[in-house]
2 protein chains.
Amino acid sequence: MATVKDVAKLAGVGSGTVSRYISGNGSVSSKAAEKIERAIKQLNYRPNSMARSLSSRRSDLIGVWVPSLEGPYYHMIIRAVEQELRLHNKHMILANAEDAQSDADRRDHFDYLVNRDCDGILMSCSLQGTFELARTSEHFSNLVLLNHQADALAGRCFYIDHELGGRLAARHLTNLGHEKIAVITGRLSAQDARQRHDGFLDEISKLGNAIPESCVVEGAFSYAAAERLVGAFLDMDIDFTAVFCGNDKVAMLLISELNNRGISVPRDVSVLGYDDVDFAAYTAPPLTTIHAPIDEMARSACRQLLNLTYDMDLPFQERFEPSLCVRRSTAALS
Amino acid sequence: MATVKDVAKLAGVGSGTVSRYISGNGSVSSKAAEKIERAIKQLNYRPNSMARSLSSRRSDLIGVWVPSLEGPYYHMIIRAVEQELRLHNKHMILANAEDAQSDADRRDHFDYLVNRDCDGILMSCSLQGTFELARTSEHFSNLVLLNHQADALAGRCFYIDHELGGRLAARHLTNLGHEKIAVITGRLSAQDARQRHDGFLDEISKLGNAIPESCVVEGAFSYAAAERLVGAFLDMDIDFTAVFCGNDKVAMLLISELNNRGISVPRDVSVLGYDDVDFAAYTAPPLTTIHAPIDEMARSACRQLLNLTYDMDLPFQERFEPSLCVRRSTAALS
DNA sequence: CTCAAAAGTGGGATCGGTTCCAATTACAAC
DNA sequence: GTTGTAATTGGAACCGATCCCACTTTTGAG
């Protein structure tokens, strides 16, 4: 493999000139540029990224930490981030903490990124522990958070206004005439689940309704956990005509299990999802859900991380608004 | 940040000794080891990965090329690969060619990985073009392919026996008494889609049935394309009691659209999926499908890539067998 | 106790870039 | 033609590891 020196020699210039030509930092005469260009072509030269990183002290690597890769949610984030980074010729390295059993494990996953000397880190988290993780990290300054609002990280938190999302959900179900509503939330220790929950219940009460605590079920959201949760929920014999689910995965699962028990959606029961993940439009029936602009949020976070890390000036926005997306899993109470 | 030299000085040993201690290549006396260990702790030393890579000429980076990140299929691969690589302290960098418009674009995406000097590349492809891409690459030797069999790459191709999968599908539907069967396949220029298709039709004819060409519909598999495909398919007014779908995404979509048109699954029509992706068990009704061990295949490919690249000796296997997974989207013909 | 083989060691050369600096050249204004 | 400023240049120093080599120490067999 050819090196800068080879190129410099062939082009009859100094190695510094070649470097300047390639990086675009500093001026190079057009005569020299032409000779260098020719030499690069002739030698089929490609800069060595390790050498470049060592010497310039930037790896051009962005670490992405996610708590899980099961289901569509985090995948949508990965997809958006990969695309955005590729646009700027940065590379993503990924750490999935799904198999972590403890905070120490989660830190290991974090270190897996840090040890790679990535220039910045994007954490998609909502669990309390993850934020603490970020806080104590030495990489604090080039860190950006998805799905968490924290004063200490003002300007680096990207989030969807889930409280609003909860309100939209409450209004939709109320507008349809539903009063006996059950709620399946994610872990309320997670900020985003909490906000949806709070927004929903507050709006419900503002609308003159009240949901007894026994109608609110809390649980985790992996497919397996959600399956258990939904089963347990239906066995509780709660009297409801509509269910507000903490995410689309749970909504889909719930519909499946309701069908299984001979209950038809939306004829007998309305089911409202949350997130509007990729498959939400294609279930049977297609999910009415709260559309969360996950993709745009991820892109924004990514752009701001690039700004912070590489002193760029890309446009971004921290807060995103969800919107109601009506399909066919909810219907007016007959 | 502390360097080897700092550690060496503090420990009162040479830098080579520190390096040997850390990498485990070469012997270090227990006395020296102890001093080094102490110094590392005291200085909070962490090796610089770029310097290490430059000097050792290995980046410990594995490139993963996928044609798309839409839907669960490739995500399952990403998830498996990330986990397997992390286990061996390698890092994944990802290139998603979803936005590629041409072969040149796809090559750009490939170069995006190569330019990063990754040590090995795993390509998950089935399209013809991708294989050509791999063939002409200078990284040929440390390349492993998912979902493609090619003689030129014997020992580096990891695949599921889709012909068998097609046969299993044919037998299942035939056993249930279905004769009027429609088929929705992926692009037949892709090897894996072709194999499913061929296996299915061949087995059907072995079983004494025949499917007219007009009952076989070919199309692409993005959600949007699949939606159009399914709509067009249903508008064709084919007479069928069962449909064999090229993947679960299409099966889910088809069920949704059938419901929409007042046709119930499996009462009126049986729908058979393929792949057994993560959500297949949770649709309404849960999908009967051909389980493809995607996860294990990806892990195997990854392990063999590690073997080739880092001279390891991890167990692997090239061929995987699909199996029938009966849930509730198919039923006996009444 | 001797001596050869093995184990352990220090430090310099090296990997392939970037970046700084002093020196040179180009150019415009007068 | 002179001068001052800006553009351009070559090359050395450096980034922080690995790894080789020559050397010293330890080990154990006889």
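Here the structure is a predicted model, which means the values were calculated and not measured. Chain A is the first sequence line, chain B the second, and so forth, proteins listed ahead of strands; every chain is numbered from 1. Both backbone and side-chain heavy atoms feed into the values below; hydrogens, waters and symmetry mates do not.
Heavy-atom minimum distance, A:Asn142 versus A:Arg156: N-NH1, 4.4 Å.
Regarding B:Lys5, its NZ atom lies at a distance of 10 Å from the P atom of D:dA17, rounded to whole Å. Taking atom CE of B:Met50 as the reference point, atom P of D:dA17 lies 11 Å away to the nearest angstrom. A straight line from CG of A:Asn48 to P of C:dT14 spans 17 Å, rounded to a whole angstrom. A straight line from CZ of B:Arg58 to P of C:dG16 spans 16 Å, rounded to a whole angstrom. Residue A:Asp117 contributes atom CG, which lies 11 Å from atom C1' of D:dA17 at whole-angstrom precision. Rounding to whole angstrom units, CG of residue A:Leu43 and C1' of C:dG17 are separated by 16 Å. A:Asn25 has its CG atom 16 Å from the P atom of C:dC21, to the nearest Å.
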Taking it one step at a time, do A:Arg79 and B:Glu98 satisfy salt bridge (charged side-chain N to carboxylate O under 4.0 Å, His left out)?
CA-CA 10 Å; A:Arg79 189 176 171 215; B:Glu98 192 172 337; 2.3 Å; yes
Report the C-alpha separation of A:Asp99 and B:Arg86 in whole Å, then their side-chain angles, then the decisive distance to 0.1 Å, and conclude whether the salt bridge (charged side-chain N to carboxylate O under 4.0 Å, His left out) test is met.
CA-CA 11 Å; A:Asp99 47 10; B:Arg86 182 154 39 77; 3.3 Å; yes
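Nearer to the 5' terminus of DNA chain D, by closest-nucleotide assignment, is the contact made by B:Leu54 (compared with the other of B:Leu54 and B:Lys31). Of the two residues near DNA chain C, B:Gly26 and B:Ser56, the one whose nearest nucleotide lies more 5' is B:Gly26.
One finds a side-chain N or O of A:Arg57 lying less than 4.0 angstrom from the OP1 or OP2 phosphate oxygen of D:dG16. Under 4.0 angstrom from either OP1 or OP2 of D:dT18 there lies at least one side-chain N or O belonging to B:Arg52. A close approach under 4.0 Å does not occur between any side-chain nitrogen or oxygen of A:Ser55 and OP1 or OP2 of C:dG16.
A heavy atom closer than 4.0 Å to some atom of DNA chain D occurs in B:Gly16, B:Ser19, B:Arg20, these being the qualifying members of residues 6-23 of chain B.
B:Gln317 CD: more than 12 foreign heavy atoms inside a 6.0 Å radius.
The closest donor-acceptor contact from the side chain of A:Gln191 to the backbone of A:Gln149 lies under 3.5 Å.
In this structure, a donor-acceptor pair under 3.5 Å is absent between the side chains of A:Tyr73 and A:Asp278.
The residue A:Val4 sits close to a base: some heavy atom pair falls under 4.0 Å.
Nearest nucleotide to the side chain of B:Ser29, out of C:dG8, D:dA17, C:dG17: C:dG8. Checked against C:dT18, C:dG8, D:dG16, the side chain of B:Ser27 finds its nearest nucleotide in C:dG8.
Under 4.0 Å is where a charged nitrogen must lie from a carboxylate oxygen, and between B:Arg106 and B:Asp103 at least one such pair does.
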